[in-house]
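So you know, we letter chains A, B, ... as the sequences are listed, proteins then strands, and number each from 1. All values below come from the heavy atoms of this structure, side chains included, with hydrogens, waters and symmetry mates left out. Source: prediction; values computed, not measured.
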2 protein chains.
Amino acid sequence: MVATESTPIAGRGLRADALRNRQRILEAARRIFEERGVDAPLDEVAERAGVGAGTLYRRFPSRVALVEAVFEQELAEMAGIGEEALRCEDPWVGFSTYLERICAVMAADRGLGDLLLLKLPASGESAGACERHSRAQADLLVRAQKAGVVRDDLVPEDIFLFLVANGAIARLTHCAAPHAWRRLVALLLDSCRPGRNGPLPAAPTPLQAARAQQEHAETKGLRAVSCEGSGDQRDGRGC
Amino acid sequence: MVATESTPIAGRGLRADALRNRQRILEAARRIFEERGVDAPLDEVAERAGVGAGTLYRRFPSRVALVEAVFEQELAEMAGIGEEALRCEDPWVGFSTYLERICAVMAADRGLGDLLLLKLPASGESAGACERHSRAQADLLVRAQKAGVVRDDLVPEDIFLFLVANGAIARLTHCAAPHAWRRLVALLLDSCRPGRNGPLPAAPTPLQAARAQQEHAETKGLRAVSCEGSGDQRDGRGC
DNA sequence: TACCAATCGGAGGAAATAGTCCATTTACTC
DNA sequence: GAGTAAATGGACTATTTCCTCCGATTGGTA
């Protein structure tokens, strides 16, 4: 395995000025992704970092590489939110505060919000954190169900649906009604309580959810590299 | 008032070939908006219609004009869905089937889905239909609340939140899990039932919802015309 | 038929974005 | 302090999309 930019000791072996620029790029990208999402123009990142476009592209050959480097730490923190909620004794409090906290993150940081809804292609380093996060989500749900405080017919993929919904509200109402997402989350949490509810339509399968996340990544300019000779025909809805 | 293209007898007075082309443009736009949303490239509409870009722009000087002409009828039909649900005797059935039907429309037609979430600037003709639709939505909600089958703390703006959520799910999972939206709608409907629910965070005010819809329209390339000397500074998140 | 105003269509300018290239500059090594 | 490989940055190409302009064409009429 080649030591890439996203290796733990990232950027080791770079010349001092290169290392400095790398850091400035990461900081600029962090802020710009936060404001505009992970599909923000990279030229703008370069400009804000005070480097040329060439420098940015040499350091991070693809948007995926940059996004991974920028959010490496945050991704782990989000998994941490899930694991922390699991340490909460009350299963309902754990489940509900997890959802509230993660949705708050999405509302406050558009880049992280994007990241929670997509699957990075070949996400070498970040894969571990994503894996931990997914497991924490599923554990939170199952624990709450076993305790009888969440309806039994929910599956982990429903959390993905919740996050998609929350992200959309947060994006759309960010300026006009910055707290609208809280209301949606409260309503969704209500709908999670067990009760006299009829049968639900089928949830997405894990595979379907993963494919949706992957397709979403592509719309954000995070397509996998290589793929030589890609036809790249963009038909109507990409199906 | 000048007789514009979107006058009831649209296109009256045009030469025969111009009228024919106008129709072909509308049909092409209808299909392309359905597949890709109302922000699809107009050049593609022209190409599919088999006319030059100039012809399209002469006939419909702005994207707004084209969108209005294309969806004039559908907009009225959507208001009709609401009014039809009001004629349903059971307030809950009316409310829930309205939501299901309108969400189904959004899932099946991305253009209409877009349209339901935004406010067209100066929507001359379509304003009436939108007005009817909003009133029907509010009436459905209030009637269900008076009958005690929907919790009292919901407001009409919550329906907007529901539609935003549904639109996001529909878009994101359209290929991978085409029926996922049904599950979200079912969950949201559950959350509308009255019960032992705690207080909800504040809903967007009508003004806030309207502003969100308007801002959303702008991101779809549906900005109002004129506005001479517009500064047009696009800062980070447009706030 | 013949005329002309209405219409056409596509060439092309402008803006935004992605990604490459290379002449110049600079940090490290000896 | 000089040499060299690394690093730089912005000019440049390509692409996409919007929108305008104008010479060529054609429908409707006399």
Nearest heavy-atom neighbours spanning B:Ala107 and B:Trp181: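 Shortest heavy-atom contact: CB-NE1, 3.3 Å.
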Over how many whole Å does the gap from [X] atom [atom1] to [N] atom [atom2] extend?
{"X": "A:Asp39", "N": "C:dT17", "atom1": "CG", "atom2": "P", "value": "11 Å"}
{"X": "A:Arg59", "N": "C:dG19", "atom1": "CZ", "atom2": "C1'", "value": "16 Å"}
{"X": "B:Glu44", "N": "D:dT16", "atom1": "CD", "atom2": "P", "value": "11 Å"}
{"X": "A:Asp43", "N": "D:dG9", "atom1": "CG", "atom2": "P", "value": "14 Å"}
{"X": "B:Leu14", "N": "C:dA5", "atom1": "CG", "atom2": "P", "value": "18 Å"}
{"X": "B:Arg20", "N": "C:dT7", "atom1": "CZ", "atom2": "C1'", "value": "11 Å"}
{"X": "A:Arg36", "N": "C:dT17", "atom1": "CZ", "atom2": "P", "value": "7 Å"}
{"X": "A:Leu56", "N": "C:dG19", "atom1": "CG", "atom2": "C1'", "value": "11 Å"}

Other residues, nucleotides, ligands: >12 heavy atoms within 6.0 Å of A:Glu47 CD: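 Not more than 12 within 6.0 Å, no.
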Residue B:Glu83 excluded, over 12 heavy atoms near CD under 6.0 Å: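 Atom CD in B:Glu83 is packed in, count exceeds 12.
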Residue whose closest nucleotide on DNA chain D lies nearer the 5' end, B:Ala16 versus B:Arg63: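 Closer to the 5' end of DNA chain D: B:Arg63.
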Distance test, side-chain N/O of A:Asn21 to OP1/OP2 of D:dA7, below 4.0 Å: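 Answer no for this pair, as no side-chain N or O of A:Asn21 is under 4.0 Å from OP1 or OP2.
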Enumerate the protein-to-nucleotides 20-26 of chain D contacts in which both atoms are nitrogen or oxygen and the separation is below 3.5 Å.
from	atom 1	to	atom 2	distance (Å)
D:dT26	O2	B:Arg15	NH1	3.4

Beyond-backbone contact of B:Arg22 with B:Phe60, side-chain heavy atoms, under 4.5 angstrom: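 Yes, their side chains come closer than 4.5 Å.
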B:Arg36 side chain near B:Pro41 side chain, heavy-atom distance below 4.5 Å: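 A side-chain contact exists here, since the closest heavy-atom pair is under 4.5 Å.
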Plane angle bin for B:His133 and B:Tyr98 - parallel if under 30°, tilted between 30 and 60°, otherwise perpendicular: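 It falls in the perpendicular class, over 60°.
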